[in-house]
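Numbers here are sequence positions counted from 1. Nothing here was measured: the structure is a model prediction, and the numbers come from that model. FYI, side chains are in, hydrogens and waters are out, and symmetry mates aren't considered; it's all heavy atoms of this structure.
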Amino acid sequence: MKAFTYERAATAEAAAAMAAGRAGARYIAGGTNLLDLMKIQVEAPEHLVDINRIPGLDRIEPTPEGGLRIGTLVRNGDLAADPQVRSRYPVLARSLLAGATGQLRNKATTGGNLLQRTRCYYFYDPSKPCNKRRPGSGCAAIGGFNRIHAVVGANEQCIAVHPSDMAVAMRALDAQVETLQPQGGRRVIPIADFHRLPGDTPQQDANLQPGELITAVTLPPPPPGVQLYRKVRDRASYAFALVSVAAIVDAQAGTIRQARMAFGGLAHQPWRVAAAEDALAGRRADAAAFDAAADAVLQGARGQGHNDFKIPLTRRVLAGVLAEAAGV
Ligand code: SF4
(Lines give C-alpha, C1' and ligand atoms only; values in the text may rest on other atoms or scores of the structure.)
Protein backbone atom coordinates (compact mmCIF):
# COMPACT_ATOMS: atom_id res chain seq x y z
CA MET A 1 0.00 0.00 0.00
CA LYS A 2 1.31 3.46 -0.86
CA ALA A 3 1.58 6.13 1.83
CA PHE A 4 -1.32 8.55 2.13
CA THR A 5 -2.48 11.32 4.42
CA TYR A 6 -5.71 11.18 6.39
CA GLU A 7 -8.22 13.67 7.74
CA ARG A 8 -11.51 13.17 9.55
CA ALA A 9 -14.32 15.58 8.64
CA ALA A 10 -16.87 16.89 11.15
CA THR A 11 -19.34 18.19 8.57
CA ALA A 12 -20.16 17.51 4.93
CA GLU A 13 -19.03 21.02 4.04
CA ALA A 14 -15.71 20.46 5.78
CA ALA A 15 -15.26 17.15 3.94
CA ALA A 16 -15.88 18.81 0.59
CA ALA A 17 -13.42 21.57 1.47
CA MET A 18 -10.78 18.99 2.44
CA ALA A 19 -11.15 17.27 -0.94
CA ALA A 20 -11.47 20.45 -3.00
CA GLY A 21 -8.68 20.94 -5.50
CA ARG A 22 -6.85 17.74 -4.55
CA ALA A 23 -6.92 15.37 -7.49
CA GLY A 24 -5.57 12.55 -5.31
CA ALA A 25 -8.17 12.86 -2.56
CA ARG A 26 -10.84 10.25 -1.92
CA TYR A 27 -13.65 9.99 0.58
CA ILE A 28 -13.73 6.92 2.77
CA ALA A 29 -16.76 5.55 4.64
CA GLY A 30 -17.17 1.75 4.98
CA GLY A 31 -14.04 1.14 2.91
CA THR A 32 -15.19 -2.33 1.88
CA ASN A 33 -14.08 -1.85 -1.72
CA LEU A 34 -11.63 1.06 -1.53
CA LEU A 35 -9.30 -0.52 1.04
CA ASP A 36 -9.08 -3.74 -0.97
CA LEU A 37 -8.18 -1.71 -4.05
CA MET A 38 -5.58 0.28 -2.10
CA LYS A 39 -3.89 -2.88 -0.83
CA ILE A 40 -3.22 -4.02 -4.41
CA GLN A 41 -2.50 -0.43 -5.56
CA VAL A 42 -5.28 -0.36 -8.11
CA GLU A 43 -6.33 2.71 -6.13
CA ALA A 44 -3.57 4.87 -4.67
CA PRO A 45 -5.17 8.02 -3.21
CA GLU A 46 -2.77 10.59 -1.80
CA HIS A 47 -5.30 11.79 0.74
CA LEU A 48 -8.26 10.16 2.47
CA VAL A 49 -11.14 12.21 3.89
CA ASP A 50 -13.00 10.12 6.47
CA ILE A 51 -16.71 10.98 6.51
CA ASN A 52 -17.80 8.33 9.02
CA ARG A 53 -18.23 10.73 11.97
CA ILE A 54 -20.33 13.36 10.18
CA PRO A 55 -23.58 13.62 12.14
CA GLY A 56 -26.88 13.26 10.32
CA LEU A 57 -25.64 11.35 7.27
CA ASP A 58 -26.76 8.03 8.76
CA ARG A 59 -30.47 8.84 8.95
CA ILE A 60 -33.42 7.35 7.09
CA GLU A 61 -36.21 9.93 7.02
CA PRO A 62 -39.59 10.32 5.31
CA THR A 63 -39.79 13.09 2.72
CA PRO A 64 -42.65 15.60 2.49
CA GLU A 65 -43.62 13.97 -0.83
CA GLY A 66 -44.17 10.60 0.82
CA GLY A 67 -40.86 9.07 -0.16
CA LEU A 68 -37.73 8.22 1.79
CA ARG A 69 -34.43 10.02 2.18
CA ILE A 70 -31.49 7.72 2.90
CA GLY A 71 -28.32 9.30 4.24
CA THR A 72 -25.11 8.33 2.49
CA LEU A 73 -23.72 6.70 5.66
CA VAL A 74 -26.70 4.39 6.22
CA ARG A 75 -25.19 0.92 6.32
CA ASN A 76 -26.52 -1.61 3.83
CA GLY A 77 -27.60 -3.94 6.65
CA ASP A 78 -29.51 -1.17 8.43
CA LEU A 79 -31.19 -0.10 5.21
CA ALA A 80 -32.32 -3.65 4.45
CA ALA A 81 -33.75 -4.00 7.97
CA ASP A 82 -35.51 -0.63 8.10
CA PRO A 83 -39.28 -1.17 8.57
CA GLN A 84 -40.19 1.49 5.99
CA VAL A 85 -37.89 -0.08 3.41
CA ARG A 86 -39.12 -3.58 4.13
CA SER A 87 -42.78 -2.66 3.89
CA ARG A 88 -42.82 -0.02 1.13
CA TYR A 89 -39.68 -0.76 -0.90
CA PRO A 90 -39.22 -4.52 -0.60
CA VAL A 91 -37.36 -4.64 -3.92
CA LEU A 92 -34.66 -2.52 -2.29
CA ALA A 93 -34.51 -4.63 0.87
CA ARG A 94 -34.27 -7.82 -1.18
CA SER A 95 -31.56 -6.44 -3.43
CA LEU A 96 -29.47 -5.44 -0.42
CA LEU A 97 -29.85 -8.84 1.21
CA ALA A 98 -28.81 -10.48 -2.06
CA GLY A 99 -25.49 -8.61 -1.96
CA ALA A 100 -22.23 -9.43 -0.19
CA THR A 101 -22.35 -10.95 3.32
CA GLY A 102 -23.78 -9.90 6.67
CA GLN A 103 -20.40 -8.60 7.82
CA LEU A 104 -19.90 -6.53 4.69
CA ARG A 105 -23.45 -5.19 4.75
CA ASN A 106 -22.91 -4.00 8.32
CA LYS A 107 -19.97 -1.92 7.13
CA ALA A 108 -20.79 -0.89 3.56
CA THR A 109 -22.69 2.36 3.09
CA THR A 110 -25.36 3.61 0.72
CA GLY A 111 -23.08 6.08 -1.05
CA GLY A 112 -20.21 3.63 -1.21
CA ASN A 113 -22.43 0.93 -2.66
CA LEU A 114 -23.28 3.21 -5.58
CA LEU A 115 -19.58 3.89 -6.14
CA GLN A 116 -18.17 0.38 -5.85
CA ARG A 117 -15.96 -0.60 -8.74
CA THR A 118 -16.41 -3.43 -11.18
CA ARG A 119 -15.33 -6.94 -10.23
CA CYS A 120 -13.76 -7.60 -13.65
CA TYR A 121 -10.85 -9.95 -12.87
CA TYR A 122 -8.43 -7.95 -15.02
CA PHE A 123 -9.23 -4.66 -13.29
CA TYR A 124 -7.81 -6.23 -10.11
CA ASP A 125 -4.68 -7.60 -11.81
CA PRO A 126 -2.12 -4.84 -12.44
CA SER A 127 -0.10 -7.17 -14.71
CA LYS A 128 -2.93 -7.09 -17.31
CA PRO A 129 -4.04 -4.31 -19.65
CA CYS A 130 -7.20 -2.58 -18.50
CA ASN A 131 -8.57 0.71 -19.81
CA LYS A 132 -10.53 1.27 -16.63
CA ARG A 133 -7.44 0.96 -14.41
CA ARG A 134 -4.91 2.42 -16.88
CA PRO A 135 -6.61 4.33 -19.72
CA GLY A 136 -5.24 3.47 -23.15
CA SER A 137 -3.67 0.16 -22.09
CA GLY A 138 -6.33 -2.07 -23.67
CA CYS A 139 -8.93 -4.49 -22.40
CA ALA A 140 -7.77 -7.95 -21.38
CA ALA A 141 -11.35 -9.17 -21.01
CA ILE A 142 -12.00 -8.90 -24.75
CA GLY A 143 -10.59 -12.16 -26.01
CA GLY A 144 -9.88 -13.22 -22.42
CA PHE A 145 -12.08 -14.95 -19.87
CA ASN A 146 -15.26 -12.91 -19.89
CA ARG A 147 -17.94 -15.02 -18.23
CA ILE A 148 -19.10 -12.20 -15.93
CA HIS A 149 -18.96 -9.40 -18.49
CA ALA A 150 -21.46 -7.16 -20.29
CA VAL A 151 -23.71 -8.09 -23.19
CA VAL A 152 -25.30 -4.66 -23.70
CA GLY A 153 -23.96 -1.11 -23.61
CA ALA A 154 -20.33 -2.23 -23.90
CA ASN A 155 -17.71 -1.21 -26.45
CA GLU A 156 -14.15 -2.03 -27.47
CA GLN A 157 -12.86 0.09 -24.58
CA CYS A 158 -14.49 -1.87 -21.76
CA ILE A 159 -16.98 -4.69 -21.31
CA ALA A 160 -17.19 -4.57 -17.51
CA VAL A 161 -20.47 -4.62 -15.59
CA HIS A 162 -21.50 -2.57 -12.58
CA PRO A 163 -21.52 -4.88 -9.56
CA SER A 164 -24.16 -3.32 -7.28
CA ASP A 165 -27.46 -5.02 -6.50
CA MET A 166 -28.76 -2.03 -4.55
CA ALA A 167 -28.27 0.31 -7.50
CA VAL A 168 -30.39 -1.95 -9.72
CA ALA A 169 -33.33 -1.68 -7.33
CA MET A 170 -32.80 2.06 -7.00
CA ARG A 171 -32.84 2.36 -10.79
CA ALA A 172 -36.25 0.67 -10.89
CA LEU A 173 -37.45 2.97 -8.10
CA ASP A 174 -36.29 6.17 -9.88
CA ALA A 175 -34.05 7.20 -7.00
CA GLN A 176 -32.23 10.52 -6.96
CA VAL A 177 -28.69 11.04 -5.71
CA GLU A 178 -28.03 14.18 -3.67
CA THR A 179 -24.51 15.58 -3.69
CA LEU A 180 -22.41 18.38 -2.29
CA GLN A 181 -19.92 19.88 -4.69
CA PRO A 182 -16.44 20.94 -3.60
CA GLN A 183 -17.36 24.60 -4.18
CA GLY A 184 -20.30 24.14 -1.80
CA GLY A 185 -23.19 23.88 -4.28
CA ARG A 186 -25.68 21.05 -4.00
CA ARG A 187 -27.21 19.10 -6.84
CA VAL A 188 -29.62 16.24 -7.40
CA ILE A 189 -28.77 13.60 -10.00
CA PRO A 190 -31.47 11.19 -11.23
CA ILE A 191 -30.04 7.70 -10.87
CA ALA A 192 -30.67 7.17 -14.59
CA ASP A 193 -27.92 9.76 -15.18
CA PHE A 194 -25.61 8.70 -12.37
CA HIS A 195 -23.79 5.63 -13.70
CA ARG A 196 -22.07 5.85 -17.09
CA LEU A 197 -21.54 3.58 -20.04
CA PRO A 198 -17.85 3.13 -20.88
CA GLY A 199 -17.74 5.44 -23.92
CA ASP A 200 -14.23 6.88 -24.33
CA THR A 201 -13.70 7.17 -20.58
CA PRO A 202 -14.21 3.72 -19.06
CA GLN A 203 -12.13 4.82 -16.08
CA GLN A 204 -15.04 7.02 -14.99
CA ASP A 205 -17.92 4.98 -13.55
CA ALA A 206 -20.22 7.79 -12.40
CA ASN A 207 -21.13 11.32 -13.40
CA LEU A 208 -19.53 12.92 -10.36
CA GLN A 209 -17.05 15.77 -10.44
CA PRO A 210 -13.75 15.38 -8.60
CA GLY A 211 -14.40 16.02 -4.93
CA GLU A 212 -18.19 15.81 -5.22
CA LEU A 213 -19.64 14.07 -2.15
CA ILE A 214 -22.78 11.94 -2.12
CA THR A 215 -24.86 13.05 0.86
CA ALA A 216 -28.10 11.08 0.41
CA VAL A 217 -30.30 9.06 -1.91
CA THR A 218 -33.97 9.98 -2.14
CA LEU A 219 -36.72 7.57 -3.15
CA PRO A 220 -40.03 8.87 -4.49
CA PRO A 221 -43.21 7.25 -3.13
CA PRO A 222 -43.27 3.61 -4.27
CA PRO A 223 -45.23 2.94 -7.47
CA PRO A 224 -48.16 0.51 -7.24
CA GLY A 225 -47.55 -3.15 -7.87
CA VAL A 226 -45.64 -6.19 -6.75
CA GLN A 227 -41.93 -5.66 -6.14
CA LEU A 228 -39.47 -8.49 -6.79
CA TYR A 229 -35.70 -8.85 -6.97
CA ARG A 230 -34.25 -11.99 -8.50
CA LYS A 231 -30.54 -12.62 -8.76
CA VAL A 232 -28.86 -15.47 -10.60
CA ARG A 233 -25.31 -16.17 -9.47
CA ASP A 234 -22.77 -18.94 -9.33
CA ARG A 235 -23.38 -19.70 -5.64
CA ALA A 236 -26.12 -18.90 -3.16
CA SER A 237 -24.32 -16.13 -1.25
CA TYR A 238 -21.36 -13.80 -1.48
CA ALA A 239 -21.36 -13.72 -5.27
CA PHE A 240 -22.07 -11.02 -7.80
CA ALA A 241 -24.96 -11.24 -10.23
CA LEU A 242 -24.63 -12.99 -13.53
CA VAL A 243 -28.07 -11.60 -14.24
CA SER A 244 -30.40 -9.85 -11.82
CA VAL A 245 -33.79 -8.22 -12.24
CA ALA A 246 -35.54 -5.63 -10.09
CA ALA A 247 -39.18 -5.59 -11.16
CA ILE A 248 -42.21 -3.58 -10.05
CA VAL A 249 -45.30 -4.90 -11.79
CA ASP A 250 -48.82 -3.56 -11.45
CA ALA A 251 -51.17 -6.22 -12.82
CA GLN A 252 -54.76 -7.28 -12.42
CA ALA A 253 -56.50 -10.41 -13.62
CA GLY A 254 -53.52 -11.39 -15.73
CA THR A 255 -53.15 -8.05 -17.49
CA ILE A 256 -50.17 -5.80 -16.84
CA ARG A 257 -51.07 -2.17 -16.29
CA GLN A 258 -47.49 -1.02 -16.03
CA ALA A 259 -44.12 -2.51 -15.25
CA ARG A 260 -40.69 -1.28 -14.36
CA MET A 261 -37.64 -3.46 -14.80
CA ALA A 262 -33.97 -2.83 -14.15
CA PHE A 263 -31.20 -5.36 -14.70
CA GLY A 264 -27.84 -6.08 -13.11
CA GLY A 265 -25.00 -8.10 -14.57
CA LEU A 266 -25.72 -6.98 -18.12
CA ALA A 267 -24.06 -3.60 -18.54
CA HIS A 268 -21.66 -0.96 -17.23
CA GLN A 269 -24.66 0.61 -15.46
CA PRO A 270 -27.95 -0.71 -14.05
CA TRP A 271 -29.82 -1.42 -17.29
CA ARG A 272 -33.33 -0.15 -17.83
CA VAL A 273 -35.05 0.17 -21.22
CA ALA A 274 -38.23 2.24 -21.59
CA ALA A 275 -39.28 0.34 -24.72
CA ALA A 276 -39.38 -2.90 -22.73
CA GLU A 277 -41.77 -1.37 -20.21
CA ASP A 278 -43.89 0.12 -23.01
CA ALA A 279 -44.08 -3.35 -24.58
CA LEU A 280 -45.79 -4.67 -21.44
CA ALA A 281 -48.18 -1.83 -20.63
CA GLY A 282 -51.80 -2.91 -21.09
CA ARG A 283 -50.91 -6.40 -22.33
CA ARG A 284 -51.87 -9.86 -21.18
CA ALA A 285 -49.09 -11.32 -19.06
CA ASP A 286 -48.18 -14.14 -21.42
CA ALA A 287 -45.14 -15.55 -23.18
CA ALA A 288 -45.55 -13.25 -26.19
CA ALA A 289 -45.53 -10.15 -23.99
CA PHE A 290 -42.53 -11.40 -22.00
CA ASP A 291 -40.67 -12.10 -25.26
CA ALA A 292 -41.43 -8.62 -26.56
CA ALA A 293 -40.08 -7.07 -23.37
CA ALA A 294 -36.95 -9.23 -23.49
CA ASP A 295 -36.39 -8.30 -27.15
CA ALA A 296 -36.34 -4.63 -26.15
CA VAL A 297 -34.08 -5.18 -23.14
CA LEU A 298 -31.61 -7.15 -25.24
CA GLN A 299 -31.70 -5.09 -28.42
CA GLY A 300 -28.16 -5.09 -29.82
CA ALA A 301 -26.98 -7.62 -27.21
CA ARG A 302 -23.72 -9.29 -28.03
CA GLY A 303 -21.87 -11.94 -26.07
CA GLN A 304 -18.09 -12.15 -25.87
CA GLY A 305 -17.89 -15.94 -25.88
CA HIS A 306 -17.89 -17.10 -22.30
CA ASN A 307 -20.79 -14.83 -21.38
CA ASP A 308 -23.07 -15.72 -24.33
CA PHE A 309 -25.29 -17.61 -21.89
CA LYS A 310 -26.40 -14.33 -20.32
CA ILE A 311 -28.64 -13.53 -23.29
CA PRO A 312 -30.98 -16.54 -23.05
CA LEU A 313 -30.64 -16.46 -19.25
CA THR A 314 -31.95 -12.90 -19.16
CA ARG A 315 -35.00 -13.97 -21.17
CA ARG A 316 -35.77 -16.80 -18.80
CA VAL A 317 -35.23 -14.80 -15.63
CA LEU A 318 -37.38 -11.95 -16.91
CA ALA A 319 -40.20 -14.29 -17.93
CA GLY A 320 -40.14 -15.99 -14.53
CA VAL A 321 -40.20 -12.72 -12.62
CA LEU A 322 -42.99 -11.22 -14.73
CA ALA A 323 -45.12 -14.34 -14.41
CA GLU A 324 -44.67 -14.41 -10.63
CA ALA A 325 -45.38 -10.70 -10.25
CA ALA A 326 -48.47 -10.86 -12.47
CA GLY A 327 -49.72 -14.02 -10.76
CA VAL A 328 -49.98 -16.08 -13.94
FE1 SF4 B 1 -10.60 -3.32 -17.70
FE2 SF4 B 1 -13.12 -2.99 -18.45
FE3 SF4 B 1 -11.56 -4.52 -19.88
FE4 SF4 B 1 -12.25 -5.31 -17.45
S5 SF4 B 1 -13.61 -5.05 -19.16
S6 SF4 B 1 -10.21 -5.40 -18.40
S7 SF4 B 1 -12.43 -3.35 -16.37
S8 SF4 B 1 -11.30 -2.32 -19.56
Side-chain angles (χ1 to χ4, degrees), residues 65-68 70 79-80 82-99 151-152 162 164-176 190-192 195 217-233 241-267 269-299 301 310-328:
E65 297 77 26
L68 214 56
I70 304 158
L79 186 57
D82 181 81
Q84 288 280 334
V85 173
R86 289 178 52 145
S87 61
R88 300 180 67 218
Y89 303 95
V91 66
L92 179 57
R94 290 179 188 195
S95 72
L96 285 158
L97 293 174
V151 293
V152 284
H162 195 270
S164 171
D165 291 292
M166 182 196 79
V168 175
M170 288 184 169
R171 181 77 178 85
L173 289 164
D174 282 334
Q176 296 193 312
I191 196 151
H195 293 106
V217 175
T218 304
L219 304 178
V226 174
Q227 300 183 19
L228 294 176
Y229 188 76
R230 189 166 296 172
K231 176 176 179 178
V232 179
R233 46 187 159 173
L242 295 168
V243 174
S244 68
V245 185
I248 306 171
V249 180
D250 183 16
Q252 190 174 38
T255 296
I256 296 173
R257 288 197 190 104
Q258 62 175 23
R260 297 184 187 191
M261 299 160 292
F263 295 80
L266 298 186
Q269 60 182 194
W271 191 248
R272 186 172 168 191
V273 177
E277 298 174 11
D278 293 345
L280 291 170
R283 280 188 70 167
R284 293 287 304 165
D286 58 18
F290 304 161
D291 273 347
D295 286 346
V297 169
L298 294 166
Q299 188 177 28
K310 286 190 175 186
I311 296 172
L313 179 62
T314 301
R315 288 185 171 279
R316 290 199 296 273
V317 174
L318 178 59
V321 165
L322 290 173
E324 181 179 339
V328 297

Criterion side chain to side chain contact (heavy atoms under 4.5 Å, CB included) on Met261 and Leu322, from CA distance to verdict:
CA-CA 9 Å; Met261 299 160 292; Leu322 290 173; 4.1 Å; yes

Apply side chain to side chain contact (heavy atoms under 4.5 Å, CB included) to Thr255 and list each qualifying residue two or more places apart in sequence or on a separate chain.
Arg284

Run the side chain to side chain contact (heavy atoms under 4.5 Å, CB included) test on Glu65 and Thr218 for me, step by step, so that the C-alpha distance in whole Å, both residues' side-chain angles and the decisive distance to 0.1 Å come before the verdict.
CA-CA 11 Å; Glu65 297 77 26; Thr218 304; 5.8 Å; no

Mind listing the closest non-hydrogen atom pair of Ala80 and Arg86 along with its distance?
O-CG, 3.2 Å

Side chains of Pro223 and Leu173 in contact at under 4.5 Å (non-hydrogen atoms):
yes

Set of side chain to side chain contact (heavy atoms under 4.5 Å, CB included) partners for Ala175, sequence neighbours left out:
Met170, Ile191, Val217, Leu219

Not counting sequence neighbours, which residues clear side chain to side chain donor-acceptor pair (under 3.5 Å) with Glu277? List them please.
Arg272

Quick one, Phe263 and Leu318 - any side-chain contact, counting heavy atoms below 4.5 Å?
yes

Between Ser95 and Met166, which heavy-atom pair has the shortest distance, and what is it?
OG-CA, 3.6 Å

Do you know which two heavy atoms are closest between Tyr89 and Pro221, and how far apart they sit?
OH-CA, 3.7 Å

Identify the heavy atoms of Asp165 and Ala241 that sit nearest to each other, and give their distance.
OD1-CB, 4.3 Å

Check whether any side-chain heavy atom of Tyr229 sits under 4.5 Å from a side-chain heavy atom of Leu97, and report yes or no.
no

By side chain to side chain contact (heavy atoms under 4.5 Å, CB included) - contacts of Val152 (at least two apart):
Leu266, Ala267, Trp271, Ala301

Applying side chain to side chain donor-acceptor pair (under 3.5 Å), name anything that partners Arg230, two or more places apart in sequence or on another chain.
Glu324

Enumerate the salt bridge (charged side-chain N to carboxylate O under 4.0 Å, His left out) contacts for residues 88-98, please, sequence neighbours excluded, ordered by first and then second residue.
none

Name all residues meeting the side chain to side chain contact (heavy atoms under 4.5 Å, CB included) criterion together with Ala288; count only those two or more places apart in sequence or in a different chain, and write none if there are none.
Arg283, Asp286

Under 3.5 Å donor-acceptor pairs involving side-chain atoms of residues 290-298, not counting sequence neighbours:
unit_1 : atom_1 : unit_2 : atom_2 : d
Asp295 : OD1    : Arg315 : NH1    : 3.2
Asp295 : OD1    : Arg315 : NH2    : 2.4

Counterpart residues, side chain to side chain donor-acceptor pair (under 3.5 Å), relative to Asp250 (two or more places apart):
Arg257

Closest non-hydrogen atom pair, Ala247 against Val91
N-CG2, 4.3 Å

As an exercise, state the distance from NZ of Lys231 to CG of Leu242, rounded to the nearest 0.5 Å.
9.5 Å

Flag side-chain contact, heavy atom, 4.5 Å: Leu92 against Ile70:
yes

Listed by chain and number, what are the side chain to side chain donor-acceptor pair (under 3.5 Å) partners of Thr314, not counting sequence neighbours?
none

Where Lys310 and Gly265 come nearest, the two heavy atoms and their spacing
NZ-O, 2.6 Å

